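Since this is a predicted model, take the numbers as computed values, not measurements. We name chains A, B, ... by the order of the sequence lines, and we start the count at 1 in each one.
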2 protein chains.
Amino acid sequence: MRLTTKGRYAVTAMLDLSIHASEGPVSLADISKRQEISLSYLEQLFSKLRKSELVASVRGPGGGYQLSRALDAIFIAQIVDAVNESIDVTNCNGKGNCNNGEICLTHHLWEDLSVQIHKFLSGISLADLVARKDVQQVSLRQQEQQEEFAHIGDRINVISSSRLN
Amino acid sequence: MRLTTKGRYAVTAMLDLSIHASEGPVSLADISKRQEISLSYLEQLFSKLRKSELVASVRGPGGGYQLSRALDAIFIAQIVDAVNESIDVTNCNGKGNCNNGEICLTHHLWEDLSVQIHKFLSGISLADLVARKDVQQVSLRQQEQQEEFAHIGDRINVISSSRLN
DNA sequence: TTATACTTGACTGTAATAGTAGGGTATTGC
DNA sequence: GCAATACCCTACTATTACAGTCAAGTATAA
């Protein structure tokens with residue numbers, strides 16, 4: 001099974017996109033700042049998300065990414081699938097040649113688990129996550145922190161411009 | 001989450017041990033042959049399984065490993081836990097400092113998934129696996145293959161000893 | 001036409017897995 | 001006793017995938 005930072009980053013970024021969807025296209029630079037994910041890394045992830053047609057891009061100034069479907073039509077499993085190859089947990093990637101060209105002792109066990117995980121992540125949509133209270137709390141906190149940073153940014157600008165004089 | 005060949009090997013080996021439990025202590029060399037797992041690697045895994053008190057060792061000729069509990073008292077989650085550190089899938093290892101020292105947007109989602117996986121693997125015992133038809137079939141196949149190899153081994157012995165004359 | 005922001009590909013550091021090697025120690029049976 | 005068996009332990013290596021960087025593009029809105 002492959003469920004690492006990669007898949008988690010993708011889901012987090014997509015959730016960020018969902019939350020700020022009403023403000024028009026969201027730039028990766030914004031997501032990068034809010035979620036503390038490297039911009040270049042986000043670019044790679046969104047390249048895959050775009051190929052899986054989960055997001056659409058808008059180029060140029062004011063551009064960014066948009067969800068290409070409704071919030072309740074995008075499921076976590078799809079996002080994880082888009083950036084990882086699969087969430088198959090068998091040794092042989094489902095081929096069934098894990099022991100001497102035939103299946104190994106535990107092949108079906110891992111197959112069952114794969115189904116289980118997929119079922120769980122397929123049952124949760126972005127709409128479900130956005131509606132969660134803990135998600136809303138974290139989002140609010142991030143917004144406050146960003147405003148705080150903006151203030152500090154202003155002050156730095158003042159200082160540096162006064163130095164320029 | 002960490003569910004790789006390591007954990008799968010451990011479960012496969014423990015299942016092999018379960019199936020051959022009636023024949024007395026099972027040597028790692030036998031498991032290595034049957035399940036196609038490197039002997040040295042098995043030794044490392046069983047060192048951890050022993051420390052977790054899932055198996056007990058018998059030294060000397062005719063020795064090997066035995067389960068230290070009944071088949072229905074050992075669960076897959078325990079085996080995976082013994083060789084991997086955890087089956088936690090959050091970014092922060094459950095610490096909750098994944099975003100700016102506080103939890104990230106998707107922290108609770110991954111926590112939920114961790115619980116789900118753990119619950120699934122905790123619900124399956126070695127006894128359950130041994131009782132499965134597909135497991136019995138694979139085990140039978142492995143036994144036949146080993147007898148076949150033994151025959152070939154005999155023939156090689158005959159040839160080499162005749163050459164020695 | 002310029003700044004913005006997406007797009008792409010090549011490249012690198014790092015960490016864990018997967019596997020190897022080689023030394024031990026305990027125990028049994030001759 | 002001593003040789004064979006099989007566990008026990010440590011250090012080492014190769015590989016792989018993730019995670020991240022860098023640098024060059026292209027499309028588009030203002």
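Dashed line: the shortest gap from a side-chain N or O of A:Ser57 to OP1 or OP2 of C:dT7 is under 4.0 Å. In this model, the phosphate group of D:dG20 is approached by a side-chain N or O of A:Tyr9 to a distance below 4.0 Å at OP1 or OP2. For the OP1/OP2 pair of C:dT12 and a distance below 4.0 Å, the side-chain nitrogens and oxygens of A:Tyr41 include no atom meeting the criterion. Look at B:Ser38 and you'll find a side-chain N or O under 4.0 angstrom from OP1 or OP2 of C:dT20. A sub-4.0 Å separation between OP1 or OP2 of C:dT7 and a side-chain N or O of A:Ser47 is absent.
Of all nucleotides listed (C:dG19, D:dC7, C:dA18), C:dG19 comes nearest to the side chain of B:Gln44. The side chain of B:Lys6 lies closest to C:dA18, out of D:dA19, C:dA18, C:dT8. The side chain of B:Thr4 has C:dT17 as its nearest neighbour among C:dC6, C:dT17, D:dC7.
Checked by distance alone, A:Glu43 brings no side-chain donor or acceptor within 3.5 Å of a matching partner on the base of C:dC6.
Using a 30° and 60° split on the angle between ring planes, B:Tyr41 and B:Tyr9 fall in the perpendicular class, above 60°.
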Got a list of protein N/O to nucleotides 26-29 of chain C N/O distances below 3.5 Å?
from	atom 1	to	atom 2	distance (Å)
C:dA26	O4'	B:Arg59	NH1	2.2

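Among the atoms of the strands shown, none is found under 4.0 Å from any heavy atom of A:Phe46.
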